[in-house]
Amino acid sequence: KGLRGKEHQRAPRIPSQFSQEERVAMKEALKGAIQIPTVSFSPEELNTTALAEFGEYIHKVFPTVFKTSFIRHEAVGEYSHLFTVQGSDPSLQPYMLLAHIDVVPAPDEGWDVPPFSGLESDGFIYGRGTLDNKNSLMAILQALELLLIRNYIPRRSFFIALGHDEEVSGVNGARKISALLQARGIQLAFIVDEGSFILDGFIPNLQKPFAMVSVSEKGAINLMLQVNMTPGHSSAPPKETSIGILAAAVSRLEQTPMPNMFGGGPLKMALQQLANEFPFPTNIVLSNLWLFQPLVSRLMERNYITNALVRTTTALTMFNAGIKVNVIPPVAQATVNFRIHPAQTVQEVLKLAKDIVADDRIQFHVLNAFDPLPVSPSDDQALGYQLLRQTIQSVFPEVNIVAPGTCIGNTDSRHYTNLTTGIYRFNPIYLQPQSFSSIHGINEKISVLAYETQVKFIFEFIQNADADPRPVPHLHEL
Ligand SMILES: CCCCCCCC/C=C\CCCCCCCC(=O)N[C@@H](CCCCN)C(=O)O
Ligand SMILES: [Zn+2]
Ligand SMILES: [Zn+2]
């Protein structure tokens, strides 16, 4: 079901086969990208030298993209890049592919190879950014370069937006690109960004991997808690100090999880779609969530990743207090990072947090906050979702299920809600729980084969987006 088949495509289809020389060149290009340390430390502290070098690097390795007459390149916010690929059929609504240039810091400790070496070992390319998110960035440009070399002329216009500060907010990259496109009156059919994968081994008893396309994204609050007390000599301490009061408050937050919201959001739909992939009796349980919802929601809580899908999570991430060993400190501060479930709002979570802390001596300062992202359509008429489904089925024929999900992290795509209602977060890569831990962790790596497959996926996706977009009506076979 979904979109019409390729017989309705107007341009001749270019097979997604690459020569040995091209395959070597594409992996070497990714290694080069990993070697440029485009680290975002904080919104104020980016490695601008590396970001500038990265801009020159993509010019060098993707010359055809930059010299093609129907592609316009613009630098935005100094280090972000916007490509406008003018399609031959202006009646088709354009879409946009996103990726980001920056990476989180990677101290050498714990890595098998230096994190910015881009070294290849046992069929894997190692380094910060190999999964998050230089793989997507390089694969998008690589696929386009290869299509152009084969004289492909897209029918449907599309944009490629490469943000330079996603890891610290996206306000100078994605947000500026979004404002620029809005000022030009652009409305997009859909957007594809990072944020989900072909998940392998995340759900107990589910033997086969499935593709999760995230149609929403959790909201977030960074909440700073502060206690001010009278300072004094540590030889005669008061009964309670700013540190003790604050520690007790954040401990209450950690020990009191936000409510389980299973049933709201896309997760329930995904589990129902997956039901038949489970052995008995799980298949029966998941097919009858009207009865077993309480049981399933409890089971989801047991694992820290699936727990993140059923509730707003509470993470204590910073704690600062004390100025000297023998001084009772006047101030203690802690920061709590909440990731808000799609069925809750910033205001609801703040109220719950204040009720849990229940101490008037604590001041609350919202550093920044945003609500969960709207749920994008995933029905038969949803062009972006159906194109992803179609391309997943052709590039990964062994994957039976494509299901909608919620992205537990945040992505640059949240800055583009003004341009489209169809935002899909999906990386065409298999992800196991241990590789999930490597994202922002140690030994982040991608197999050479997985990267080639990602290039192939985008190569096919761009062509699928040029096929006749009319959805197939529901036909009931006799
Ligand atoms: C029933 C299904 C089981 C699903 C298991 C879910 C597994 C999760 C898989 C993938 C999630 C990966 C999320 C990757 C995107 C994260 C991007 C990111 O790190 N963004 C940052 C942005 C920071 C912006 C500044 N505030 C973040 O979220 O911290
Ligand atoms: Zn990312
Ligand atoms: Zn990241």
Side-chain angles (χ1 to χ4, degrees), residues 38-43 98-106 128-137 162-175 193-206 209-214 216-222 262 265-275 277-278 282 286 296-297 299-300 302-310 313 315 317 335 337-340 367-370 372-373 401 403-415 425-427 429-441 444:
T38 49
V39 177
S40 287
F41 295 94
S42 71
L98 301 188
H100 62 90
I101 303 168
D102 61 328
V103 295
V104 293
R128 176 62 83 229
T130 47
L131 291 174
D132 178 17
N133 176 242
K134 285 177 175 165
N135 56 320
S136 297
L137 186 155
L162 310 176
H164 71 273
D165 60 349
E166 187 274 347
E167 294 292 1
V168 288
S169 70
V171 295
N172 286 310
R175 196 187 284 175
D193 194 4
E194 64 168 342
S196 195
F197 296 88
I198 300 173
L199 299 173
D200 183 7
F202 283 86
I203 307 183
N205 297 326
L206 179 63
F210 74 101
M212 191 170 96
V213 175
S214 287
S216 180
E217 170 173 323
K218 291 181 97 174
I221 307 174
N222 284 316
F262 181 86
L267 177 62
K268 196 169 166 180
M269 210 192 323
L271 289 176
Q272 282 163 338
Q273 282 189 34
L274 285 168
E277 298 289 301
F278 285 89
T282 314
L286 292 178
V296 174
S297 69
L299 290 174
M300 298 284 292
R302 290 196 184 169
N303 167 281
Y304 73 106
I305 297 173
T306 47
N307 178 55
L309 289 170
V310 298
T313 51
T317 51
T335 306
N337 177 245
F338 295 97
R339 301 295 179 126
I340 307 171
L367 302 180
N368 60 307
F370 53 91
L373 277 286
I401 305 283
T406 299
C407 184
I408 57 176
N410 294 121
T411 69
D412 261 354
S413 69
R414 69 195 157 94
H415 297 295
R425 302 144 188 95
F426 179 68
N427 243 319
I429 288 185
Y430 280 88
L431 189 81
Q432 292 82 21
Q434 66 269 30
S435 1
F436 173 66
S437 314
S438 76
I439 299 175
H440 292 203
E444 187 179 346

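The structure displayed is predicted, hence computed values, not measured ones. All values below come from the heavy atoms of this structure, side chains included, with hydrogens, waters and symmetry mates left out. Just so you know, ligand 1 is whichever comes first in the structure, and atom 1 is the first atom listed for that ligand.
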Undergrad: For Asp132 and His100, which I'm curious about, is there any donor-acceptor pair between the side chains at under 3.5 Å?
TA: yes

Undergrad: What protein N/O/S atoms are there under 2.8 Å from the Zn ion (ligand 3), waters excluded?
TA: Asp132 OD2, Glu167 OE1, Glu167 OE2, His440 NE2

Undergrad: As a check for students: among Glu167, Glu217, Arg339, identify the option with a heavy atom nearest to atom 29 (O) of ligand 1.
TA: Arg339

Undergrad: Taking atom 18 (C) of ligand 1 as the point of reference, which of Val310, Asp193, Asn410 owns the nearest heavy atom?
TA: Asn410

Undergrad: Using only heavy-atom distances, determine whether the side chains of Gln434 and Ser437 contain a donor-acceptor pair under 3.5 Å.
TA: no

Undergrad: Counting only heavy atoms, which portion of His440 has something under 4.0 Å from ligand 1: side chain, backbone, both, or neither?
TA: side chain

Undergrad: Could you tell me whether the side chain of Asn427 and the main chain of Ile429 form a donor-acceptor pair under 3.5 Å?
TA: no

Undergrad: Looking only at protein heavy atoms, which one is nearest to atom 9 (C) of ligand 1, and how far off is it?
TA: Leu199 CD2, 3.9 Å

Undergrad: Checking the side chain of Asp412 only, and the main-chain atoms of Ala174 only, is there a donor and an acceptor separated by less than 3.5 Å?
TA: no

Undergrad: Which one holds for Ile305 and ligand 1: side chain close, backbone close, both close, or neither close, with close meaning a heavy atom under 4.0 Å?
TA: side chain

Undergrad: Tell me which part of Asn368 gets within contact of ligand 1: side chain, backbone, both or neither, using heavy atoms under 4.0 Å.
TA: neither

Undergrad: So, Glu217 side chain and Thr411 main chain: donor-acceptor pair closer than 3.5 Å or not?
TA: yes

Undergrad: Would Glu194 count as a polar contact of ligand 1, with the cut-off being nitrogen or oxygen pairs under 3.5 Å?
TA: no

Undergrad: Taking the side chain as everything from C-beta on, heavy atoms only, tell me whether Val103 gets closer than 4.5 Å to Glu444.
TA: no

Undergrad: How many angstroms lie between OG1 in Thr306 and CG in Leu299, if you round to the nearest 0.5 Å?
TA: 9.0 Å

Undergrad: In terms of residue, atom name and distance, what is the protein heavy atom nearest to atom 26 (N) of ligand 1?
TA: Arg414 NH2, 4.4 Å

Undergrad: Is Val104 in contact with ligand 1, taking contact as a heavy-atom separation below 4.0 Å?
TA: no

Undergrad: May I ask whether Gly405 places a heavy atom under 4.0 Å from ligand 1?
TA: no

Undergrad: Would a distance-only check, ignoring hydrogens and angles, find a side-chain to backbone donor-acceptor pair under 3.5 Å from Thr38 to Ile101?
TA: yes

Undergrad: Of the choices Ile439, Leu309, Leu274, Ile203, which has the non-hydrogen atom that lies closest to atom 4 (C) of ligand 1?
TA: Leu309

Undergrad: Any nitrogen or oxygen of Thr306 lying under 3.5 Å from a nitrogen or oxygen in ligand 1? Just yes or no.
TA: no

